[in-house]
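Numbered from 1 within each chain, the chains take letters A, B, ... in sequence-line order.
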There are 2 protein chains.
Amino acid sequence: MEIIADKKKAILESTLKLIKENGFHGTPMSQVAKKAGVAAGTIYHYFDSKDTLIMELYTYTQHRLLDAILANSHEGMDYKAQFFNYWISRCKFYIQNPDVLFFMEQFVNSPYYNRFSKEQDERFQKEVFQFIASGVERGILRPMNQRLMCIMIHSSAHSAAKVHLLDRVTLTDEELQQLAQMVWDGVKSN
Amino acid sequence: MEIIADKKKAILESTLKLIKENGFHGTPMSQVAKKAGVAAGTIYHYFDSKDTLIMELYTYTQHRLLDAILANSHEGMDYKAQFFNYWISRCKFYIQNPDVLFFMEQFVNSPYYNRFSKEQDERFQKEVFQFIASGVERGILRPMNQRLMCIMIHSSAHSAAKVHLLDRVTLTDEELQQLAQMVWDGVKSN
DNA sequence: CGCGACCGAATGAACGTTCAATAGAAAGAA
DNA sequence: TTCTTTCTATTGAACGTTCATTCGGTCGCG
């Protein structure tokens with residue numbers, strides 16, 4: 001992973017927070033600059049345009065998410081335990097980083113996402129995808145289109161986190177466990 | 001339901017399509033006017049501002065969605081059949097109306113949604129919410145926070161439709177059935 | 001005539017982006 | 001070391017464009 005200059009990181013983080021609060025169109029470059037503590041022109045030293053900034057911000061957040069998930073995964077667990085661990089740590093990451101969640105959701109539902117190569121997106125998800133795929137192949141998970149199953153699992157983690165954040169229903173660890181169980185009961189075979 | 005003047009409807013439908021293609025900031029009022037076949041000023045005869053237009057567009061799409069779902073529901077089915085029917089018709093509605101799906105997703109993930117009163121949102125979902133709630137009370141569904149369960153079910157329908165639309169994996173009726181089964185296995189009790 | 005629907009050019013503010021100027025660090029020459 | 005040169009990082013005022021919104025006016029109906 002490349003080393004990110006301090007100011008570049010400040011710009012990314014500021015953009016992230018502002019977009020969560022105000023959305024894409026509610027976030028002028030002037031405000032980003034102000035929050036990051038740099039001049040407007042400086043942003044253009046690091047990014048070609050506002051679009052580029054937003055596109056890079058997406059890969060930046062993908063990195064943060066993936067790092068968090070992989071940091072939590074240990075060798076030698078059985079499949080089910082690893083599934084729970086994986087689902088719950090994804091969910092927790094979103095809860096602890098609401099700005100990432102809301103930015104990502106806005107991004108993937110915007111026209112930006114179309115410009116984003118699907119391959120790049122999938123390279124990130126590779127470990128996770130293979131985990132699911134192996135579950136299907138080994139007959140632990142329901143036989144089904146793997147990409148489809150992958151997305152169903154991810155989206156449930158998103159949704160749970162969003163309930164927690166938007167409806168101010170605090171999800172306890174126990175409830176997270178329950179939710180993971182619910183998802184598991186859906187995808188496991190039999 | 002109020003009677004919508006032709007031009008008003010044309011404006012709403014045009015906005016819907018343009019936002020799906022270009023997002024909120026990629027959709028100037030001038031373009032909306034052009035697509036709807038009206039003058040720019042006319043929009044302001046029906047809507048106070050662009051924001052108002054978008055807010056009203058949301059309730060307009062909610063209506064369309066709800067009508068489609070309720071049109072499909074018949075009396076006298078047992079709970080499970082009704083669940084399947086409900087989940088699948090929601091999914092199919094999204095697949096047949098991609099612009100509604102993408103607009104709604106953009107909307108609920110944008111700052112607009114915060115300004116939207118939660119009560120209004122829930123009044124729309126009332127029938128559906130009560131259906132889920134009664135399932136929990138009668139012990140057919142897993143004992144769990146009802147709002148949480150409601151959202152988990154909805155989000156799975158969203159996600160399935162999005163796979164169909166974005167990844168160009170055509171979901172057959174059989175696969176939809178499979179998916180509904182998967183969701184059902186997750187939420188049913190035991 | 002009066003009124004509401006409708007038009008579209010004009011307005012003015014907001015915003016992304018540029019660029020000439022500055023500061024400072026690194027490198028080289030003496 | 002000290003002076004000179006070069007290159008990069010940074011600044012923020014200025015520019016040009018885009019866009020939401022306004023408003024004076026037209027049309028057609030009762």
(message) Any residue in residues 24-31 of chain A with a heavy atom nearer than 4.0 angstrom to DNA chain C? Just list them by number, or reply none.
(response) T27(A), P28(A), M29(A)

Polar atom pairs between nucleotides 21-26 of chain C and protein, under 3.5 Å, N or O only, would you list them?
none

(request) Return the minimal non-hydrogen interatomic distance between V108(B) and Y58(B), and the atom names on each side. (result) CG1-OH, 3.6 Å

(request) Write down the atom of R90(A), the atom of A157(A), and the distance for their closest heavy-atom approach. (result) CD-CB, 3.9 Å

(request) Please confirm whether K9(A) makes a cation-pi placement over Y60(A), using NZ or CZ under 6.0 Å from the six-membered ring centre and within 45° of the ring normal. (result) no

(request) Under the salt bridge (Lys or Arg N to Asp or Glu O under 4.0 Å) rule, collect the residues that match up with K20(B), sequence neighbours excluded. (result) none

(request) Identify whether the distance between the nearest side-chain nitrogen and carboxylate oxygen of K35(A) and E21(A) falls below 4.0 Å. (result) no

(request) Classify the side-chain pair S49(B)/T52(B) by whether it contains a donor and acceptor separated by less than 3.5 Å. (result) yes

(message) For D173(A) and Q177(A), which I'm curious about, is there any donor-acceptor pair between the side chains at under 3.5 Å?
(response) no

(message) Would you say that more than 12 heavy atoms from the other residues, nucleotides or ligands in this model lie under 6.0 Å from the NZ of K162(B), or not?
(response) yes

(request) Using a 4.0 Å heavy-atom cut-off, write out nucleotides 2-11 of chain C from 5' to 3' as B (base contacted by protein), S (sugar-phosphate only) or - (no contact). (result) ---SSSB---

(message) For a 4.0 angstrom threshold against heavy atoms of chain B, report the outermost contacting nucleotides of DNA chain D in 5' to 3' order.
(response) dC19(D) to dT22(D)

(request) If you link ILVMFWY side chains whenever their heavy atoms are less than 4.5 Å apart, which other residues fall into the same cluster as L70(B)? By chain and number, please. (result) L66(B), F124(B)

